[in-house]
Enquirer: 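Mind having a look at this structure? Questions to follow.
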Amino acid sequence: MPVDLHPRLLRGFVATAETLHFGRAAGLLHVAQQALSRDVRTLERLLGDALFTRTTRSVELTPAGRRLLPQARQLLALHDEIVAGAAERPLLLDLNSDVTGPDLTADRVLARARAARPEGELLARFHGGLAAAAGELLAHRLDVSFGRFAGLPAVLRGQLDQIPVRLEHVSVMMADTHPLAGRPVLRLADLAGHPVDICAGNPATTEWTDLGARLLREHGLAAAAPYVPPVGVDETARYLARHGDAMLTTVGGPRIPGAVNVPLVEPVPLCLVSLVHRPGLRHAGLTALAGAASALGAAEGWLRRPPGSWLPSPDAALLPG
């Protein structure tokens with residue numbers, strides 16, 4: 001006999017699993033704690049398995065609870081999309097940083113998608129990097145992100161989809177007092193003896209650190225010591241002046257007072273930026289973003305690899321044939 005699961009039961013389970021506290025979960029759901037406990041017991045009875053281990057001091061998920069959690073999140077997300085019907089929910093997308101620049105890929109794609117579909121709601125979020133956003137995507141707290149998909153761990157890549165968007169030109173940003181700051185471009189060989197900051201101290205951007213480590217290793221260059229990352233324009237300016245290292249970034253990256261952004265050449269290092277989302281996500285906003293990325297890419301050759309460039313093999317494997 002089939003078992004009917006009311007979404008309320010799953011919603012109560014997910015809230016409790018995410019807070020590991022029945023009282024806080026009940027508060028989030030605006031229900032009495034006794035009602036929430038009753039719903040969880042009902043769900044456990046219907047499924048024939050305990051979902052939580054309860055003591056007087058703690059609540060922990062059982063193996064059955066850990067298996068159910070991602071499935072329950074997916075079912076609730078699908079339920080919410082169905083219920084929303086014509087009143088489509090906003091699409092939540094990650095722009096990595098709230099610091100703007102002259103030619104940031106995610107910012108430009110978002111602006112074009114909003115212009116093409118003004119009736120839709122595309123809400124920006126700022127998680128600091130694709131590594132940080134990936135967990136939010138899988139937890140259904142975020143719909144779309146941008147970043148270097150090839151730099152994610154294999155276990156995450158296997159659970160997400162990506163659309164190649166742009167080959168970004170890698171550069172270095174440094175305080176204008178740096179010995180190399182006055183040059184219009186820098187050969188990679190010019191960085192010998194000058195450690196390069198690859199954001200190794202930032203757990204939110206491990207995909208970017210991986211790119212930097214590959215680039216420096218293949219060209220015999222040194223990475224700077226890992227530092228706690230700055231947040232915002234002013235803090236980044238202080239960070240660059242204090243530590244004195246050149247920081248790996250992209251040509252279209254943020255403009256920082258007292259700093260210069262210098263393109264790298266010989267070879268030209270590239271980073272493949274993708275639009276990343278959950279498999280099976282159906283949303284008009286995602287269609288608008290993909291269309292905007294495709295139109296910009298076609299007009300400006302975003303996926304055209306220039307001769308004499310450097311691109312890690314995992315990134316190259318993602319390029320359209």
Enquirer: I'd like to know if the side chain of His243 reaches the main chain of Asp245, judged simply by a donor and an acceptor atom lying under 3.5 Å from each other, with no hydrogens or angles considered.
Expert: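 Not confirmed, His243 side chain does not pair with Asp245 backbone.
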Enquirer: Return yes if some donor-acceptor pair links the side-chain N/O of Thr19 with the main-chain N/O of His21 below 3.5 Å, else return no.
Expert: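 Yes, the answer is positive, given that a donor and an acceptor are paired below the 3.5 Å cut-off.
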Enquirer: How long is the straight-line distance from CE of Met173 back to OH of Tyr239, given to the nearest 0.5 Å?
Expert: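 Result: 9.5 Å between the selected atoms.
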Enquirer: Using a 3.5 Å distance criterion without hydrogens, assess whether the side chain of Asp94 forms a donor-acceptor pair with backbone atoms of Phe146.
Expert: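 Not at all, since once roles are kept as given, no pair shorter than 3.5 Å links the two residues.
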Enquirer: What heavy-atom pair brings Leu240 and Ala259 nearest, and what distance separates the two atoms?
Expert: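 Looks like CD1-CB, 3.8 Å.
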Enquirer: With under 30° as parallel and over 60° as perpendicular, where do the rings of Phe13 and Phe52 fit, or are they tilted in between?
Expert: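 It falls in the tilted class, 30° to 60°.
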Enquirer: With the side chain counted from C-beta on, respond yes when Glu207 and Leu156 share a heavy-atom pair under 4.5 Å apart, and no when they do not.
Expert: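 Glu207 vs Leu156: side chains apart.
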Enquirer: Mind listing the closest non-hydrogen atom pair of Leu160 and Ala134 along with its distance?
Expert: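 Distance-wise, the nearest heavy atoms are CD1-CB, 4.1 Å.
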Enquirer: Hey, quick one: are Leu281 and Val109 part of the same hydrophobic cluster, counting side-chain heavy atoms closer than 4.5 Å, chains of contacts allowed?
Expert: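 Yes, because Leu281 and Val109 connect within a single hydrophobic cluster, where side-chain heavy atoms sit under 4.5 Å apart.
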Enquirer: Going by heavy atoms in the side chains, are Arg278 and Asp143 under 4.5 Å from each other?
Expert: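 SC-SC contact between Arg278 and Asp143 confirmed.
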Enquirer: In the structure I gave you, are the side-chain heavy atoms of Arg54 and Val40 within less than 4.5 Å of one another anywhere?
Expert: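 Yes, side chains in contact.
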Enquirer: Please determine whether a side-chain nitrogen of the Lys or Arg among Arg112 and Glu300 lies less than 4.0 Å from a carboxylate oxygen of the Asp or Glu.
Expert: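 So Arg112 does not pair with Glu300 through a salt bridge.
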Enquirer: Counting neighbours of CZ on Arg242 that are heavy atoms of other residues, nucleotides or ligands and sit closer than 6.0 Å, is the number greater than 12?
Expert: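 No - once you tally the heavy atoms of other residues, nucleotides and ligands closer than 6.0 Å, there are 12 at most.
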Enquirer: So, does Thr62 use its side chain to make a donor-acceptor pair with the main chain of Ala50 at under 3.5 Å?
Expert: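 Yes, Thr62 side chain to Ala50 backbone: donor-acceptor pair under 3.5 Å.
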Enquirer: Hey, are the side chains of Pro254 and Val233 touching, using non-hydrogen atoms and a 4.5 Å cut-off?
Expert: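 The answer is no; the side chains never approach within 4.5 Å.
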Enquirer: Could you tell me whether Arg255 atom CZ has more than 12 heavy atoms of other residues or ligands within 6.0 Å of it?
Expert: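 Incorrect, the count does not exceed 12.
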Enquirer: What heavy-atom pair brings Gly252 and Leu104 nearest, and what distance separates the two atoms?
Expert: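 In terms of heavy atoms, the two residues are closest at O-CD2, 3.4 Å.
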Enquirer: Does any part of the side chain of Met174, heavy atoms only, come nearer than 4.5 Å to the side chain of His194, both counted from C-beta?
Expert: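 A side-chain contact is absent here, since even the closest heavy-atom pair is not under 4.5 Å.
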Enquirer: I need the minimum non-hydrogen distance between Ser145 and Asn96, along with the two atoms involved.
Expert: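 Answer, listing the atom of Ser145 first, then Asn96: OG-ND2, 4.0 Å.
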Enquirer: Between Glu44 (side chain) and Leu51 (backbone), is there a donor-acceptor pair under 3.5 Å?
Expert: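 Such a contact is found between Glu44 side chain and Leu51 backbone.
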Enquirer: Compare every heavy atom of Thr249 with every heavy atom of Val172, then report the nearest pair and how far apart it is.
Expert: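 Closest approach of Val172 to Thr249, heavy atoms only: C-CG2, 4.1 Å.
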Enquirer: Do Ile198 and Val170 sit in one hydrophobic cluster, given that two such residues count as connected whenever their side-chain heavy atoms are within less than 4.5 Å of each other, even indirectly?
Expert: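 Yes, because Ile198 and Val170 connect within a single hydrophobic cluster, where side-chain heavy atoms sit under 4.5 Å apart.
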Enquirer: Evaluate the side-chain proximity of Asp315 to Phe149: yes if any heavy-atom separation is below 4.5 Å, no if none is.
Expert: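 When only atoms from C-beta onward are counted, Asp315 and Phe149 do not touch, as no gap falls below 4.5 Å.
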Enquirer: Drop me the distance from Leu93's CG to Leu286's CG, to the nearest 0.5 angstrom.
Expert: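 Between atom CG of Leu93 and atom CG of Leu286 there are 10.0 Å.
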Enquirer: Is there a donor-acceptor contact under 3.5 Å from the side chain of His283 to the main chain of Arg89?
Expert: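 Such a contact is found between His283 side chain and Arg89 backbone.
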Enquirer: Return yes if some donor-acceptor pair links the side-chain N/O of Arg148 with the main-chain N/O of Thr206 below 3.5 Å, else return no.
Expert: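 No, Arg148 side chain to Thr206 backbone: no donor-acceptor pair under 3.5 Å.
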Enquirer: Going by heavy atoms in the side chains, are Leu137 and His277 under 4.5 Å from each other?
Expert: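 Leu137 vs His277: side chains apart.
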Enquirer: Ignoring hydrogens and angles, tell me if any N or O in the side chain of Ser294 forms a donor-acceptor pair with the backbone of Ala290 under 3.5 Å.
Expert: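 No, Ser294 side chain to Ala290 backbone: no donor-acceptor pair under 3.5 Å.
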Enquirer: Taking all atoms of both residues into account, what is the closest heavy-atom pair of His140 and Ala77, and its distance?
Expert: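 It is ND1-CB, 3.2 Å.
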Enquirer: Please answer: with hydrophobic residues joined when any side-chain heavy atoms are less than 4.5 Å apart, are Met247 and Val260 in the same cluster?
Expert: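 No: no chain of side-chain contacts under 4.5 Å links Met247 to Val260.
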Enquirer: Would you call Arg238 and Asp234 a salt bridge, taking side-chain N to carboxylate O under 4.0 Å as the test?
Expert: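 Result for this pair is no, no salt bridge flagged.
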Enquirer: Return yes if some donor-acceptor pair links the side-chain N/O of Arg157 with the main-chain N/O of Leu152 below 3.5 Å, else return no.
Expert: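 Pair found, side chain donor or acceptor close to backbone of Leu152.
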Enquirer: Any side-chain heavy-atom pair from Leu248 and Trp208 closer than 4.5 angstrom?
Expert: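 A side-chain contact exists here, since the closest heavy-atom pair is under 4.5 Å.
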Enquirer: Taking the side chain from His219 and the backbone from Leu221, do they hold a donor-acceptor pair closer than 3.5 Å?
Expert: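 Between the backbone of Leu221 and the side chain of His219 there is no qualifying donor-acceptor contact (under 3.5 Å).
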Enquirer: Just how far is it from atom CG of Leu28 to atom OG1 of Thr16, taken to the nearest 0.5 Å?
Expert: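 Reported to 0.5 Å precision, the distance equals 9.5 Å.
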